[in-house]
Structures are given as C-alpha cells and as structure tokens.
Amino acid sequence: MPAPRPTAPAAAITPLRDFVIAFGRLLDSHPDEPRILREGGALLARLVAQDDWLPEAYAQPHPTYYQQYLLHADSTERFSVVSFVWGPGQQTPVHDHTVWGLIGMLRGAEYNQPFARDASGRLAPNGAASRLEPGAVEAVSPTIGDLHRVTNAHADRVSISIHVYGANIGGVHRHTYPEDGPPKPFVSGYSNATLPNLWDRSKDPLQPGVPA
C-alpha cells in the first residue's frame, strides 16, 4: 500500500470550505434538480481536481468495511458532504439513496455498477459498470437512476471519493437490495463522531494590506 500522505496544514482545508459556501449559494437560488447536478457537479469537479485538502482523520480505511466520514452537513440539512474511504477490494451492497447525489473521485479509482428492475421485476445490472478516476464526477437520483453498487477498483490500495447528497445522508431511511429476498431498510449513520473545522480562518494566509 502507498505510504501515508503527510498531514496537511490547517489552511489546506480552504477548498472544502469554499465548496460548501458555493454549494449553499447554489441551493439558495432554488435550482431544479438538473441544474443542481450540472452546476453542483462542476463545483465538485473543481474540489476533487486537487488532492491536498482532506484531513487524514477523514481518509482512514477500516480493514473490514468501507468508511463514511461526514465532512459537512448544512444547518437545515439541505445537503451533506461525505468522504467514502474504500480499503482494498471493498464494496457496498446494491443500495438506493432516495435523494440526488454527486460522486467525485479524489484518490484511487472505483467502479459504479447501476442496477434496475428488468421486465420480470428482478433487479439486474443496468449496463456496464463505469470506472471513476480522480477528478471524475457522476450523479445519482431517483429521477435518473438511484440503485447502484460501488467497488474499490484497486485490490492493493485505498480509494477515496467525495459524495454530496441532497439531505443529511447519514440520517436518511434507505434500502439495500439482496440478490434473494426483499429490500432491507437501513440508516447509514457516519464513521466519525467529530467534524473537520472549516471555519477557523486564523490559519489562512494573510492578505496584502491586512495588519498582522
């Protein structure tokens, strides 16, 4: 596995703060879902275009199952930002979201396999799996396709993706879809009990003309 990345300085989290502010402003304009996915996807693509801002505490894998770290939840739960950390070969079950979501690849790679019901009503893969490389962004929602399974594309290294959802996703009632049997309800929760501090600007570089 690659060596751990050095701990980023406190000011490095600025891109995440800027993203949260910009995404909140987008939602303030009451956009429809296609605009959220289009313009929000562009904001997320800008965030995952650089890989130097995610604090190490929210990039740690688990040896048995993937981790879902909350990075930010809007105060009215309009959206949440999560880092998904995949150990080698880890994957999700087939699951839904019930809200729109954006997935941006930060580190490593993952496969996204969509599912849909066939003519007999059975759940089956819906087309080929797509492979997300760093910088790529995909969308899910009940209107464009909400069922998928995600797998770390690497068997020997950690992969990390950044997800944005149209709710506090850790508190949403959702479902997994076993191959045999009915859907199983679940609420995912989060892997962390504390959040990164986006709002301490004391570590930001001083701007010209600002007294020390």
Side-chain angles (χ1 to χ4, degrees), residues 23 27 31-38 40-41 44 58 61-74 76-106 108-132 136-155 158-193:
F23 211 97
L27 296 185
D32 59 15
E33 184 179 287
R35 184 180 163 210
I36 292 172
L37 299 183
R38 182 178 67 253
L44 182 57
Y58 309 98
H62 187 280
T64 306
Y65 43 81
Y66 66 89
Q67 297 290 85
Q68 178 176 316
Y69 296 107
L70 178 65
L71 303 179
H72 176 76
D74 176 69
T76 58
E77 300 186 292
R78 295 179 302 171
F79 73 102
S80 53
V81 186
V82 179
S83 65
F84 275 79
V85 182
W86 313 92
Q90 290 175 354
Q91 68 175 13
T92 68
V94 180
H95 63 280
D96 61 20
H97 309 86
T98 77
V99 297
W100 59 257
L102 291 162
I103 302 142
M105 203 68 214
L106 183 71
E110 67 185 38
Y111 290 113
N112 174 21
Q113 175 61 67
F115 280 75
R117 298 204 177 274
D118 61 20
S120 68
R122 290 178 57 85
L123 206 61
N126 184 21
S130 60
R131 180 179 171 119
L132 273 69
V137 174
E138 286 194 345
V140 294
S141 89
T143 59
I144 65 172
D146 194 40
L147 301 178
H148 71 171
R149 180 173 59 213
V150 181
T151 305
N152 186 350
H154 295 290
V158 171
S159 293
I160 300 176
S161 49
I162 306 300
H163 298 215
V164 186
Y165 295 104
N168 173 11
I169 194 64
V172 174
H173 290 258
R174 301 191 281 152
H175 303 86
T176 60
Y177 295 82
E179 289 188 18
D180 297 312
K184 294 184 177 181
F186 81 105
V187 178
S188 69
Y190 296 109
S191 302
N192 52 316

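The first residue in the sequence is number 1, and the count goes up from there.
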Is the backbone of [Y] close enough, under 3.5 Å, to the side chain of [X] for a donor and an acceptor to pair up by distance?
X	Y	answer
Thr92	Val150	yes
Asp146	His97	yes
Gln90	Gln67	no
Gln113	Gly127	yes
Ser159	Ala109	yes

With a 4.5 Å limit on heavy-atom distance, are the side chains of [X] and [Y] in contact?
X	Y	result
His148	Val140	yes
His173	Thr98	no
Glu110	Asn152	no
Ile169	Tyr190	yes

Identify the two heavy atoms, one from [X] and one from [Y], that lie closest to each other, and give their separation to 0.1 Å.
X	Y	value
Val99	Gly166	CG2-N, 4.0 Å
Asn168	Glu77	ND2-OE2, 2.9 Å
Thr143	Ser141	OG1-OG, 2.7 Å
Gly41	Leu102	N-CD1, 3.6 Å
Gly170	Val187	O-CG1, 3.1 Å
Ile160	Met105	O-CE, 3.5 Å

Can you name the one residue among Tyr111, Tyr65, Tyr66 that meets ring pair (Phe, Tyr, Trp, His ring centres under 6.0 Å) with Trp86?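 The passing option is Tyr66.
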Drop me the distance from [X]'s [atom1] to [Y]'s [atom2], to the nearest 0.5 angstrom.
X	Y	atom1	atom2	value
Ile162	Phe84	CD1	CZ	10.0 Å
Glu138	Arg131	CD	CZ	12.5 Å
Leu44	Phe23	CG	CZ	8.0 Å
Ile103	Ser161	CD1	OG	7.0 Å
Tyr165	Phe79	OH	CZ	14.5 Å

Is the distance between the ring centroids of His95 and His175 under 6.0 Å?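 No: the rings miss the under 6.0 Å criterion.
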Would you say the rings of Phe115 and Tyr177 are close, in the sense that their centroids are separated by under 6.0 Å?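 Centroid distance Tyr177-Phe115: not below 6.0 Å, so no.
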Evaluate the criterion side chain to side chain contact (heavy atoms under 4.5 Å, CB included) for residue pair Tyr58 and Leu70; output intermediate values, then yes/no. CA-CA 8 Å; Tyr58 309 98; Leu70 178 65; over 6 Å; no
Just wondering, more than 12 heavy atoms not from Phe186 lying within 6.0 Å of its CZ?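 More than 12 heavy atoms, drawn from other residues, nucleotides or ligands, come within 6.0 Å of this atom.
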Stepwise side chain to side chain contact (heavy atoms under 4.5 Å, CB included) test for Ile144 and Leu37: CA-CA 11 Å; Ile144 65 172; Leu37 299 183; 3.9 Å; yes
